[in-house]
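Single-structure report; data block below.
Both counts, for ligands and for their atoms, begin at 1 and track the order of listing. Values in this document were obtained by computation on a predicted structure and should not be read as measured data.
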Amino acid sequence: MGRLLIVSNRLPVSPELDENDNLVFAGSAGGLATGLGSFYKRYESLWVGWCESAGCDGFELRERLLQEHSCVPVFLDPTDAHLYYEGFSNETVWPTFHHFAQYAQFDEETWQAYKRVNHRFADAVMEQLQPDDIVWINDYHLMLLPSILRDRMPEITVGFFLHIPFPSFEIFRMLPWREQILNGLLGADVIGFHTYDYVRHFLSSALRLAGRDHTLGQIAIGSRTVKVDAFPMGIDYERFASAASSPEVAQMTPSLRAHIGDRRFILSVDRLDYSKGIPVRLEAFERFLAEHPEWHRKVGLTMVAVPSRTDVEHYQLLKREVDELVGRVNGRYGTMDWTPVRYLYRSLPFNELVAMYKEADVMLVTPLRDGMNLVAKEYVATKDHSGTGVLVLSELAGSAAELGEALVVNPFDQTDIVDAIGKALDMPVAEQQERLTAMQERLRRYTVVDWAEDFMGAVELASENRRERAALNLSAQVEQRLLEDYGNAARRLLLLDYDGTLVGFSAKPGSTKPDDQLRTTLHALAADERNEVVIISGRDRKILAEWLGDLDVSLVAEHGAMQRRRGGEWIEMPMPPDTWIEAVRSVMERYVDRTPRTFIEQKEHALVWHYRAADPGLGPQRARELHEALAGLTENHGLAIMEGHRVLEVKPANVNKGRAAIEFVESEVWEFVLAVGDDRTDEDVFEVLPASAYSIKVGGGGSLARYRAEGVTEVRSLLGRMAR
Ligand code: ADQ
């Protein structure tokens, strides 16, 4: 296995100059840095991230970061850095993804900087990258990076993990650059989220905005597959559990208690961020005091808020709002010897944080939206040695999916929070311990290291699968061999599907006429007397004759219901009477009425319901319903229902492309056979080919074909080379 290259906005260490102007490094306290910190030391790894030089010599900084911390700094132009970080990342992506769309700025200048910086990161990664390395990209600052790297090195192995929520499609669609961001992410082999809800949202956006369908979370892109899955991040459980019983933490308890007295102690800890629901929490606490005078002087809320993104306007406004609220509650209810809210606006050293968690009777975690929220998990871990305490947790934090034994609240429902505070303060000790123990077992079993290993395992597996599949790709060597065999053969049969193979799909089936380039290629192939070129399609004979009838090729229409050999006349297969058509049509019409942008195509011996342009969620669902509705009708009439690319077709059961193909295959002794197709109906052709034949499936998905082509362009280039 190669090395691991972790990429994130910031490095886990930051440079500073000490009082003697010597370069020193400080650790970062962010959720990601603490999370991955314990994992990445186990691998041969490098960490790539933005680093501000803090007035240090760039060369020395780079060298020491690499030697002492295995870190590779990305230096950014200060203006670009500001537009990218405070601008696009935190004024556009962060609010949008946390469903605070009303705070989001949509600004072309910051978007351009975001793109430039993602390219800068790509440069830094490419400088380090060795074959077999795995790249793990983290978070919303770098959503374009997976595709940029894939473009530069198609066989690269890349995982992407998003630490914040992925918004619902209705919010995501507001972003003017939504397609670029989606396609940026889709460059990865694995895209990880904290919860299944975010996975669902992402898959829905991929379908609706990029037309990318999925099977069990796997999205096929050409011959590549992207796996989208949930990996709920855990914490370094032992670190918190053991610190809680350490002498260092025990030493801190008396001074902490001196502040709180023998009152009950409610705690909250977050970055000062509007997504964390801090004002809501303060207001709920205020109302709790208003409604429960019996708790006055017997309870206190300690609120720790770490300064965050202080250059962004909404954070400055929030700071003011929180200051005012704290003042208001304390002014209204405080007494000489009791301050209801103790507000610490700073970061805490680790042991002090643990001492707080350990002492707190109630932990209030009430974000309005939060990717995961590790604070909730850390609190639970510090209670490991028969501690007591109650976690009140917002259902809109990702961690609520795992911490069901918490008092789960809707953070928008003030009454719910007020009630939960009361319930938490009154909860019997036995119940507190029972709930804590259940959560602890889960958190101990699935730590941050398990999380990282799971994610990495998925990335490694995806990369193996990609390699296996790549072996089936129409590589330069395979193409060379094919061309040689073709060149040496005296008689050659070419069975070519039309839609999705020779031309791309379009919402209107009438608009995919062959262009001049395709006609020239087919003409050249057909003109070689050693060749028999067969266009084997589901289209009706009228359109095939109109589009391709003047070329010297054989045509198979309606999946084999009729065929026209080169220079001959159309011959129809014996067919059951078409008495079924009206009955089937009337059922289909009901579905057209109920499903906007769908329509019926009538062929000579088949009826097709097209739903390519329909709502991508509704279309497949209606197709299933229609399939069922038609099943009874078609059963006893020798008819088959066939599902193709966003179409449902009813046709006589004895007609299929395989039957038509076999007639050509058996009509003489061929020295070279090639079949190309993209659809389920083409599998019938692949099935009847001799073992020596070249069969090529276009696009992803299971197939009997020996090889795969990425798309129409690749097929056309192959045929072009054959023609030349
Ligand atoms: P954050 O929004 O930063 O992380 P969180 O998951 O709670 O939120 O992580 C905060 C980390 O900082 C915790 O490890 C905590 O101990 C530490 N911390 C918080 N306040 C502190 C203080 N006053 N002093 C010292 N340390 C403090 C983002 C997403 C989250 C997601 C994480 C990880 O917004 O939803 O859980 O990434 O993916």
Polar contact flag for Glu378 and ligand 1 (N/O pairs, less than 3.5 Å): yes
Phe455 and Trp136 aromatic centres sub-6.0 Å: yes
Residue part near ligand 1, for Met233, under 4.0 Å between non-hydrogen atoms: side chain
Near-ring test Tyr85/Trp50, centroid separation under 6.0 angstrom: yes
Verdict with supporting geometry, Phe350 and Phe240, side chain to side chain contact (heavy atoms under 4.5 Å, CB included): CA-CA 9 Å; Phe350 178 69; Phe240 285 89; 3.5 Å; yes
Within-cut-off N or O pair, Trp94 and ligand 1, under 3.5 Å: no
Backbone N/O of Lys276 and side chain of Arg281: donor-acceptor pair under 3.5 Å: yes
Test of proximity, Val306 against ligand 1: N or O pairs below 3.5 Å: no
Shortest reach to atom 28 (C) of ligand 1 by a heavy atom, considering only Glu352, His163, Arg346, Arg369: His163
Lys276: numbered ligand 1 atoms lying under 4.0 Å from its heavy atoms: 1 (P), 2 (O), 8 (O)
Ligand 1 contact by Phe240, heavy-atom criterion under 4.0 angstrom: no
Tyr84 and Phe121 aromatic ring geometry - parallel, tilted or perpendicular at 30°/60° bounds: tilted
Ligand 1 atoms in contact with Gly371 (distance to a heavy atom under 4.0 Å): 35 (O)
Atom indices of ligand 1, in the order listed, that fall short of 4.0 Å to a heavy atom of Leu374: 5 (P), 6 (O), 7 (O), 33 (C), 36 (O)
Region of Leu353 that comes within reach of ligand 1 [heavy atoms, distance under 4.0 Å]: side chain
Polar proximity ligand 1 side, Ile164 side, N/O cut 3.5 Å exclusive: no
Geometric N/O contact Val304 with ligand 1, under 3.5 angstrom: no
Asp270-ligand 1 polar pair, N/O distance under 3.5 Å: no
Partner set under side chain to side chain donor-acceptor pair (under 3.5 Å) for Arg271, not counting sequence neighbours: Asp273, Ser308
Set of residues satisfying side chain to side chain donor-acceptor pair (under 3.5 Å) with respect to Asp107, sequence neighbours excluded: none
Neighbour count above 12 (heavy atom, 6.0 Å) for Tyr345 OH: yes
